[in-house]
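Structure first, then comments.
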Amino acid sequence: MTITVEPSYDDVQMLVDEVWTSFLGSEEPLLPGAPTDLAVGWSAAVTVSGEWHGMVSVELPTGLAEEVTRRMLMVEETLDEDVADAVGELVNMIGGNVKSLMPGPSVLSLPVVAAGRVARPSDSVEVCRLDASWAGTPLLVSVYVRKDA
Amino acid sequence: MTISDSSFAFVSDLARRETAMLYDPGKEYLVEARLLPLAREAGCTDVDAYVLRLQVDAAERAKALDALTINETSWFRDMAPYQAFTELMLPSIVARREHTRHISIWSAACSSGQEAYSLSMLLDEHLPPGWTAQILATDISHKMLARVEAGRYSQVEMNRGLPATSLVKYFSRAGSEWEVNDNLKKMVRTQHLNLSTSFPPLPTFDIVFIRNVLIYFDLDVKRDILRRVGQVISPDGFMLLGSSETTLDLDDHWDREAHGRVQVHRPVGYANVPAFSPQPTPESIAMTGA
Amino acid sequence: MYALIIDDSRAMRSILRRIVTDLGFETLEAADGQEALDHLNAGRIPTLCLIDWNMPVMDGYTFITNVRANSEWRDITLMMVTTESEHGQIVKALAAGAHEYVIKPFTPDAIADKLELLGLVAKAVPA
C-alpha cells in the first residue's frame, strides 16, 4: 500500500519563489495572495510517476504569461509558441523541484501546456495550493495526487 | 523608487552607531536593495515609509541591521584563497603542530557559513588521519549564526560555486533545501561577535579568514581590528583578508607573503618561531569537535 | 570556444545563451540529445556542453553516456543544467561522466562560478 504523501506548503512556496526570483528578477517579489477567481489565460502541468504519483500545475492570466515570456526570452513581442515554451519551462522547473521533495525514484514528464485551463485527471485531489501575486497579478501553483494513491 | 536623503542619513547613522559599518553616500542603492524586502514584509509602501517605522520600532531596527550586515557569499568564493589554504597554510601548520595534532581556525564575519563549511570540506579531505580541527564562525548577526548552526542552504545557494562532487559527498536533501552532514557540522562552532568592539575570550587561532568585511569600517576601526586579531593569532599563524583588502599602511605588525594570486598575512617575526610553540590554550583543546 | 546548449525549451536556451556569450563563448544549440549528437557527428565539437535532463527524443543522461562512449569526444566538458535535483540523480549523472551539475533554477552567477571551477572562464573581478 502506498501512503499519500504531500509536499509542505512552505517548501513549495520557497521553491516557486526561487524559480521566480532567478528568472524574473528580484525587484518585484512574489507575494502570497488570497485565493482569487483567476482568469486563466495559460496553464501548464507536469506529472511525476514512480514511487510518488502526482501532478504539478501553474496557471497564469494572459498578461502575466506574456510578461514572463518577455523576461525569459528577452523579446518585445511574444508569439503564442513562445508563451507556451516559457510557461512550460516554468512548470518543468517547479515540477522537478517538487519531485525532489517527495519519495523517489520517480520520473518527471515533459510539460503539457494549454491556452486556458489544462485538464486534470478526475481521480486526482489537490493537496497543495499556492495562491500568489506578482506585480499585482495573481497566479496559482497546485499539486495534485491520485485519490486512491 | 529611490530612498530620500534623510532616510539614507538615518540608516547610515544607525549602521555606523550599532555596527561601525559605513554606508557612505553613493550606497543608497545597496540600502534600498536590502531594506525593500523588509519594507514589503512590514506592509510599508516604500523604503522611506519603512525608515519612519524604524525610528520607533526597536525590533524592526534589529531586523534592518541584520539585513544591512549580510554579505552575499558563495562556496569557495574566489577559489584562490582556498588554494592557498590547502597548498600553503594547512601543510605549514600541520608540520608545526605534531605535538597537539589540532588546528584552530577562525572564520570572522562568517555570514551564512559558506566559508566555514568550505574550509571544513577541505579539512575533511586534507587533514592527516588522527588530527582534529575546530572552526569558529563568528558574525554580528544572530540570524546568520542560527543559519550556520542549521547548516541548511537553498537550491540557489547550493549552485554558487560548490563542486557537484562536494555536494553529493557532504550534503543531503532536507525538504526544498540541502543540509550539511554532521561530520562537517561538528567541526564548526558559532559565536556572536562584533568585530568593532573588544573581543570576548577567544582561543588562539592558527588560521584566520577575515575577508571582505574590513572594507565596511573606517581607518581607525580597521587598524584596531587588525591589532586585536594579532592578539589571538599564533605567532606562526596565517591571516587572510579579502582580495581588495590589505594591511599595507594600516598595521606594521604583519608581514605579507604572496601565494599565487592571494596575499597571506603573517605576524611579524613568524619565521623565528620554534616549531613546537605556542602551546594551544586549554579552551581550544576542549572545543575539539571530532 | 564553443558551448553547445542542449535544452528543449527555447526560453531556457535563450537564457543560457546570454549567460555564456557574456562569458566569452560562441554558441551552438540543440533541442534534444539526438540533435546534439548530430552536431558532434558533423564535426562541430564544442569545448562545453550545457545539458538538460528531461527532453524528447533523447534525454540528457543518454546523451552523456553516448558522448563518454566515444574517446574522440573525451575533451568535451559536460555540465548538466536541469531541474532534476535528487541526490541520487546528481550521483548518477556524475558517474556517467558529467563534470558538473547546476540545478534549475539558477542565477547567471551560478553558471559563471561553475565554469570558473572547471577552469573554463577566468576568475571574475575581485569582489
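Convention: sequence-line order gives letters A, B, ...; per-chain numbering from 1.
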Any side-chain heavy atom of [X] sitting closer than 4.5 Å to one from [Y]?
X: C:Glu84; Y: A:Lys99; answer: yes
X: A:Glu89; Y: C:Ile15; answer: no
X: C:Pro105; Y: A:Thr21; answer: no
X: A:Phe23; Y: C:Met12; answer: yes

Quiz item: Which answer fits C:Arg18, side chain, backbone, both or neither, if we ask what part of it has an atom under 4.5 Å from a heavy atom of chain A?
Solution: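 Contact with chain A is through the side chain of C:Arg18 alone.
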Exercise. Inspect the surroundings of CE in A:Met74 and state if more than 12 heavy atoms from other residues, nucleotides or ligands are less than 6.0 Å away.
Key: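 Atom CE in A:Met74 is not packed in, count stays at 12 or less.
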Self-check item: From CE (A:Met93) to CD1 (C:Ile103), nearest 0.5 Å
Solution: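 Answer for the CE-CD1 pair, A:Met93 versus C:Ile103, is 13.5 Å.
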For the student: nearest non-hydrogen atoms of [X] and [Y], plus distance:
X: A:Asn92; Y: C:Lys104; value: ND2-NZ, 4.1 Å
X: A:Asp85; Y: C:Asp8; value: OD2-O, 4.0 Å
X: C:Ala11; Y: A:Ala86; value: CB-CA, 4.0 Å

Quiz item: Among A:Leu15, A:Val75, A:Ile94, A:Asn97, which residue forms the greatest number of heavy-atom pairs with chain C at distances under 4.5 Å?
Solution: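 Option with the greatest count: A:Asn97.
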Exercise. Heavy atoms only, distances under 4.5 angstrom: which of A:Thr69, A:Leu101, A:Asp82 has the most pairs with chain C? Name it, please.
Key: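 Heavy-atom pair counts peak at A:Asp82.
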Quiz item: A:Leu73 versus chain C, heavy atoms under 4.5 Å apart: side chain, backbone, both or neither?
Solution: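 Contact with chain C is through both the backbone and side chain of A:Leu73.
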